[in-house]
4 protein chains.
Amino acid sequence: MQVNEQTATELARRKQITDAAIEVIADLGYGKASFARIVEHAGLSSTRMISYHFADKSDLVMAVLVSAIAAGDEVLDARIAGVVDRVELLRAHIEARVEYLRTHPKHLRAVVEIGTGAREPMYAVVLRDFRVGRLQRQLHQGQREGVFGQFDTAVVAEAVASALDGAAQRAAAEPDLDLTAYGRELADLFTRAVRP
Amino acid sequence: MQVNEQTATELARRKQITDAAIEVIADLGYGKASFARIVEHAGLSSTRMISYHFADKSDLVMAVLVSAIAAGDEVLDARIAGVVDRVELLRAHIEARVEYLRTHPKHLRAVVEIGTGAREPMYAVVLRDFRVGRLQRQLHQGQREGVFGQFDTAVVAEAVASALDGAAQRAAAEPDLDLTAYGRELADLFTRAVRP
Amino acid sequence: MQVNEQTATELARRKQITDAAIEVIADLGYGKASFARIVEHAGLSSTRMISYHFADKSDLVMAVLVSAIAAGDEVLDARIAGVVDRVELLRAHIEARVEYLRTHPKHLRAVVEIGTGAREPMYAVVLRDFRVGRLQRQLHQGQREGVFGQFDTAVVAEAVASALDGAAQRAAAEPDLDLTAYGRELADLFTRAVRP
Amino acid sequence: MQVNEQTATELARRKQITDAAIEVIADLGYGKASFARIVEHAGLSSTRMISYHFADKSDLVMAVLVSAIAAGDEVLDARIAGVVDRVELLRAHIEARVEYLRTHPKHLRAVVEIGTGAREPMYAVVLRDFRVGRLQRQLHQGQREGVFGQFDTAVVAEAVASALDGAAQRAAAEPDLDLTAYGRELADLFTRAVRP
DNA sequence: TATGAATGAGAATTCATTCAT
DNA sequence: GATGAATGAATTCTCATTCAT
């Protein structure tokens, strides 16, 4: 299939660039992640390469976001598959995010960096859904079923998301951090907190 | 005494600059807070003014940090004065930070922006103490007294600090947010979470 | 005949590209008329399409010129056919150019844009002939016949041509401009001016 | 006076830059007049110099416009001073513009280049006033006084302005052109044309 | 204590064009 | 007859900082 093959190279290049961008953003922060540093990391010849494959910087960043979020949701979906208990679902959600941080440290770091460093409202929508969207819906459902107490789901979802952001920050600073234990602690913390 | 008068002018200038820097960092983010934008905001003649009063950018940022943290700790100290109960102390701590966010929105926003946007390890120490230092000591003491359950104080302190960061972000995005209620929700959340 | 069929497609493509180029040059000006914007306008896949069909940019611009000038002279020829009176011929010439501006606004605009924006002496020859060539010959002949006064035909021809350029500029700025009236005014103006 | 002296250097620099910009725009056209070529022409160290003294490119272009137009109006004012006859005033106007083209060839060329090459509506206002503003008012007044015939003053003013633009173009292409004669021809042409 | 002037380095982006198939 | 991929050069503009007074 010619069409697919034509696109294959293009897709491979885009992936090479987004992967490099993820690493650079994770390592240097959103502010320092210039085209020059990304091409250097990707082993490309010039920044022109990026401009050729992406309309502009926000196009690249959006591609990074989509890619990283897809990977994160994959981990999440796999972890919560089959879990029905609401409390266990919350635990699974938190632990899945920390597991994602463990298996894809650069990906999650990049998302957090973009979330905090970038100011384009363009990213806010997709970031919001990744950070608090699903979680808040779960919390809301748990309240309706009576398994959770009465609290502001927006506040709690934001608190959980922020705690996971904080975990990413700490993990970056302390590479030896035991993330599995960290995830369990966070899950314990919030499952206690949502009890009726 | 000439020396003192010189210092007084000097201090006034420094304050004018740090105040402007706080506003700009809070409004535009650390990455966009250039000298040019700060002098514009402060109504100064040129960026040379900043370079004259501060050794370099990190010197200015550190001054911003010290100033903002002092103001925040002042609010905190006033709020926890006389509180002895450990749980109430935790509640007071969280609510005091949110109150600080309400009374000094630009200050706390600036601190968070520097915490997430800047990468100089230089700031990390002072930031760490502001965000988790006192809190973690309180939690630890509470555990020793048996009022709190057994959890990793570092994890919980980081979670609380991150939740407050998240509150600052939301407050920036939603100016009409009821911060007093938000603070109460957060305090409820974490006081439930630390129960034995 | 394969050769002809190939040429037909080739010609169709070239026409598609020159037509798009005319629109872009007319709308955005010569300076902003990049290959990228032309392919976008033409709905082509890449700028490579242009480079394939035209040797280089000046080749494309020359094709635009030839095409637009041919269309303009067609209108002119139709309008002056049968007119013998010298003064009427001048009037017909001016009005035909304005009519061309009305029926092919993008074409004439593109010619003017290239005339003013481009610097290649290559275009100057063909432009010169379109703008002042025929007109100057008519004026000269009119003088020999004694119907026109004594003036510098080069100056007057250039003035007429410039006035028509100006009309194109105004028409672009004011889409509601009554061009027929404008043409009549110009014709009146210059027929008065050439009287002996 | 310190204030003046401080500004003096600044003003001198700005003049040095605008003068160089006028030359470059006149010689290479608006499209090719990059900062790089202007600093090269001005003998400055880097384009940074321009960015330091002008907010952005349009700021520089506007300064060029103001400077060139002021010089042109100075010549015009000197030429029409004391002229009362309406027809003579029209002649003086046209000849003054051509004289300006002769004494300040680069200045008028630059104005024409900006007028045709730039697209910023920002310039349009000041350009319009220079090109047709005063002239149209004169024509209108002449009609009210009955010295001129009935014609559309906007059309005629635009035609005169365009003819002067055309003169600038020709003068650039033919350095040996006798501009005084050219100006007289144009003045003859249009004074004939406006007769009742 | 203050400032006007200047700067080298780097930013993202656009340009017409060429290579290889 | 067509195209996907790539590119070097150039664009305007911003950055924190230094020089000289």
Side-chain angles (χ1 to χ4, degrees), chain A residues 2-3 5-10 12-13 31-38 44-60, chain B residues 2 5-10 12-13 31-39 44-60, chain C residues 2 5-10 12-13 31-39 44-60, chain D residues 2-3 5-10 12-13 31-38 44-60:
Chain A
Q2 272 202 339
V3 176
E5 282 184 344
Q6 284 172 356
T7 319
T9 311
E10 164 78 11
R13 259 304 178 228
K32 301 275 181 192
S34 66
F35 279 16
R37 274 187 264 260
I38 292 168
L44 267 40
S45 56
S46 85
T47 68
R48 191 56 192 71
M49 193 81 268
I50 297 181
S51 295
Y52 180 71
H53 290 280
F54 296 89
D56 52 23
K57 191 168 189 179
S58 76
D59 188 23
L60 169 59
Chain B
Q2 272 202 338
E5 283 184 340
Q6 283 174 357
T7 312
T9 310
E10 163 78 12
R13 268 286 188 237
K32 300 274 181 192
S34 67
F35 280 16
R37 277 187 262 260
I38 292 169
V39 300
L44 269 34
S45 57
S46 84
T47 66
R48 189 59 191 75
M49 190 82 262
I50 298 181
S51 295
Y52 183 72
H53 290 281
F54 296 91
D56 53 20
K57 190 171 189 179
S58 74
D59 188 23
L60 169 58
Chain C
Q2 272 202 338
E5 283 184 341
Q6 282 173 359
T7 312
T9 310
E10 164 76 14
R13 268 285 188 238
K32 301 274 181 192
S34 67
F35 279 16
R37 278 187 259 260
I38 293 169
V39 299
L44 268 32
S45 56
S46 84
T47 64
R48 189 60 189 73
M49 191 82 261
I50 297 181
S51 295
Y52 182 73
H53 290 280
F54 297 89
D56 53 21
K57 191 171 187 178
S58 74
D59 188 21
L60 169 58
Chain D
Q2 271 202 340
V3 177
E5 283 185 341
Q6 282 171 1
T7 318
T9 311
E10 164 77 12
R13 265 292 183 235
K32 300 277 181 192
S34 67
F35 280 15
R37 275 186 263 258
I38 292 168
L44 269 42
S45 57
S46 83
T47 68
R48 189 59 190 70
M49 194 80 267
I50 297 180
S51 293
Y52 180 72
H53 291 280
F54 296 88
D56 52 23
K57 190 169 188 177
S58 75
D59 188 24
L60 169 58

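Chain identifiers are assigned alphabetically (A, B, ...) following the order of the sequence lines, protein sequences preceding nucleic acid strands; residue numbering begins at 1 within each chain.
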**Study point:** 5' priority, DNA chain F, between B:Ala36 and A:Met49 [closest heavy atom]
**Key:** A:Met49
Revision key, fill the gap. When D:Tyr52 and A:Tyr52 are each assigned the nearest nucleotide of DNA chain E, the 5'-most assignment goes to D:Tyr52
Point to revise | Closest-nucleotide ordering on DNA chain E, the 5'-leading residue of A:Ser34 and A:Arg48 | key: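 The residue closer to the strand's 5' end, by nearest nucleotide, is A:Ser34.
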**Study point:** Options E:dT3, F:dA5, E:dA12, nucleotide nearest the side-chain atoms of A:Lys57
**Key:**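 Ranking E:dT3, F:dA5, E:dA12 by closest atom to the A:Lys57 side chain puts E:dA12 first.
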Exercise for review: State which of E:dT3, E:dT14, F:dT7 makes the closest approach to the side chain of A:Ser51.
Suggested key: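 For the A:Ser51 side chain, the nearest candidate turns out to be E:dT14.
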Between [atom2] of [N] and [atom1] of [X], the distance in whole Å:
X: B:Arg37; N: F:dT14; atom1: CZ; atom2: C1'; value: 8 Å
X: C:Ile50; N: F:dG4; atom1: CD1; atom2: P; value: 14 Å
X: D:Phe54; N: E:dA6; atom1: CZ; atom2: P; value: 12 Å
X: A:Leu60; N: E:dA12; atom1: CG; atom2: C1'; value: 12 Å
X: D:Ile38; N: F:dA10; atom1: CD1; atom2: P; value: 16 Å
X: A:Leu44; N: F:dG8; atom1: CG; atom2: P; value: 11 Å

Check your understanding: What do you reckon, is NZ of B:Lys32 surrounded by more than 12 foreign heavy atoms closer than 6.0 Å?
Key -> no
At 4.0 Å (heavy atoms only), tell me whether [X] reaches a base, stays on the sugar-phosphate, or touches nothing.
X: D:Phe35; answer: sugar-phosphate
X: C:Thr47; answer: base
X: C:Ser45; answer: sugar-phosphate

At what distance, to the nearest 0.5 angstrom, does [atom1] of [X] lie from [atom2] of [Y]?
X: C:Met49; Y: C:Arg13; atom1: CE; atom2: CZ; result: 5.0 Å
X: C:Lys57; Y: C:Ile38; atom1: NZ; atom2: CD1; result: 6.5 Å
X: A:Ser34; Y: A:Arg37; atom1: OG; atom2: CZ; result: 4.5 Å

**Study point:** Closest non-hydrogen atom pair between D:Phe54 and D:Leu60, with its separation
**Key:** CD2-CA, 3.7 Å
Check your understanding: In dot-bracket, 5' to 3', how would DNA chain E read with Watson-Crick or G-U wobble pairs under 3.5 Å, [ ] for crossing ones and | for pairs to another strand?
Key -> .||||||||||||||||||||
